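These figures come from a predicted structure and were not determined experimentally.
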Amino acid sequence: MAENVQDIKRRIKSVNSTKQITHAMELVASAKLRKSRELAEGRRPYFEAMIESMGRIVEKSGSTRNVFMNQREVKKVAYIIITGDKGLAGGYNVNVAKLVEDHVANKEDAVIYAVGSRGRDHFRNRDYNIQGEYLGISERPNFFNAREVTSVVMEGFKNGEYDEVYIAYTKFISTISQHAHLMKLLPLSVEDLKPAKKVEVVENEAKSKDLTVMLYEPEPEELLDYLVPNFVSSTVYGSMIESAASEQGARRTAMESATTNANEMIDALTLKFNRVRQAAITQEISEIVSGAEALK
């Protein structure tokens with residue numbers, strides 16, 4: 001019985017040490033999450049302005065020719081997959097990898113550009129073609145990292161090495177909610193670039209004709225040659241930031257759950273320890289009483 005009590009005490013000590021680690025990781029993830037959210041909020045005005053500018057150029061210029069808007073028969077597909085370099089984040093890395101695997105029709109026709117070691121290891125173990133890997137930037141990405149990735153991918157698309165490009169990342173909804181998302185990056189569609197019009201704008205256009213004339217210097221095609229690479233790089237950068245915030249949110253949630261479970265285990269073990277100790281005390285009292293009765 002005494003040995004059983006010691007075992008329980010050791011288990012309580014072990015679980016308590018684990019709880020301290022998970023609680024510390026939860027606090028670190030919370031601090032990193034705040035920084036990632038600030039980056040995401042600071043990027044959105046620039047990204048929205050770029051989408052609006054590109055949409056207006058396409059809308060006013062009509063049909064335009066750009067190599068990154070060429071639709072062609074799909075034979076080879078490239079995937080930019082954004083995962084983390086670390087684990088202990090619940091299903092964050094697995095959800096993105098599974099989303100890509102479900103989308104891939106033929107493994108032989110898929111090319112992987114992995115941002116993060118977890119995604120690279122996942123697809124390497126399944127014999128996918130890893131064309132590029134970018135490690136150590138998942139938690140603190142910057143625009144130059146995104147430009148490095150997109151320059152290689154866009155060059156491959158331009159040279160006809162693959163016919164479509166998708167990006168898989170985790171969209172940040174809230175601290176406790178993140179969703180794996182797969183988005184088509186190339187070729188760009190004219191409809192996707194046209195700005196969405198609000199209901200009141202459409203009603204006003206129906207009442208009065210738009211007499212605005214837009215003049216471009218240089219030509220719209222030259223503007224798009226400059227804007228499209230920046231648009232794609234900004235999209236990848238935004239996906240990296242969203243994924244960084246999602247990773248910290250998922251890790252914070254996972255560590256919070258682990259800390260809660262550790263507390264519950266400690267409570268259960270403490271209750272068990274008290275019961276075992278009380279049983280031992282009761283047995284000792286019974287033996288003393290029995291001995292005293294025997295001496296009468």
Side-chain angles (χ1 to χ4, degrees), residues 1-41 81-99 101 115-122 125 135-141 168-181 239-287:
M1 187 64 71
E3 184 179 359
N4 194 13
V5 170
Q6 293 301 319
D7 290 342
I8 295 174
K9 288 178 69 175
R10 281 194 292 269
R11 288 187 62 191
I12 291 175
K13 184 178 179 180
S14 176
V15 174
N16 190 58
S17 299
T18 303
K19 185 191 77 171
Q20 293 176 357
I21 295 173
T22 57
H23 182 62
M25 293 183 67
E26 177 188 347
L27 296 178
V28 172
S30 298
K32 291 182 178 181
L33 175 60
R34 285 193 294 270
K35 295 180 180 180
S36 299
R37 292 183 67 174
E38 290 174 0
L39 283 174
E41 291 172 356
I81 302 171
I82 303 176
T83 59
D85 291 296
K86 301 176 182 178
L88 299 177
Y92 167 75
N93 295 306
V94 176
N95 292 338
V96 175
K98 186 176 184 303
L99 185 65
E101 285 183 313
V115 180
S117 61
R118 293 288 171 166
R120 177 204 61 184
D121 295 342
H122 178 92
N125 293 336
L135 311 181
I137 62 175
S138 62
E139 290 190 354
R140 300 186 64 183
Y169 68 102
T170 305
K171 185 179 293 185
F172 181 79
I173 308 300
S174 66
T175 304
I176 60 174
S177 178
Q178 306 88 29
H179 295 297
H181 184 64
S239 301
M240 288 181 174
I241 292 178
E242 293 275 345
S243 295
S246 298
E247 180 181 359
Q248 300 307 328
R251 182 168 291 116
R252 180 188 178 280
T253 301
M255 293 301 100
E256 183 180 12
S257 299
T259 303
T260 302
N261 292 336
N263 284 326
E264 293 176 355
M265 288 181 65
I266 290 174
D267 292 340
L269 288 170
T270 302
L271 180 60
K272 184 178 180 180
F273 173 79
N274 291 334
R275 286 177 176 173
V276 170
R277 186 179 61 177
Q278 188 63 41
I281 293 172
T282 303
Q283 184 177 357
E284 290 177 4
I285 293 174
S286 299
E287 291 175 353

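Looking only at distances, a side-chain donor or acceptor of Ser243 sits under 3.5 Å from a matching main-chain atom of Thr170. In this structure, Asp85 contributes its side chain and Leu135 its backbone to no donor-acceptor pair below 3.5 Å. Distance alone, capped at 3.5 Å, is enough to place a donor-acceptor pair between the Asn125 side chain and the Asp121 backbone. When atom types are taken as modelled, the side chain of Ser30 and the backbone of Glu26 share a donor-acceptor pair closer than 3.5 angstrom.
Shown here for Gly90 and Ala254, the closest heavy-atom pair between the two residues is N-CB, 3.9 Å.
Contact annotation: the side chain of Met240 never approaches that of Tyr169 to less than 4.5 Å [non-hydrogen atoms, C-beta and beyond]. Between Gln6 and Arg10 there is a side-chain heavy-atom pair separated by less than 4.5 Å. A 4.5 Å side-chain heavy-atom check between Ile82 and Val96 finds every atom pair outside the cut-off. Here the side chains of Tyr92 and Thr253 are not in contact, with every heavy-atom distance at 4.5 Å or above. A 4.5 Å side-chain heavy-atom check between Asn95 and Lys98 finds every atom pair outside the cut-off. Counting only heavy atoms from C-beta outward, the side chains of Arg251 and Lys86 approach each other to under 4.5 Å.
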Practice problem: Please step through side-chain contact (heavy atoms from CB on, under 4.5 Å) for the pair Thr259 and Glu256, ending with a clear verdict. | Solution: CA-CA 5 Å; Thr259 303; Glu256 183 180 12; 5.7 Å; no

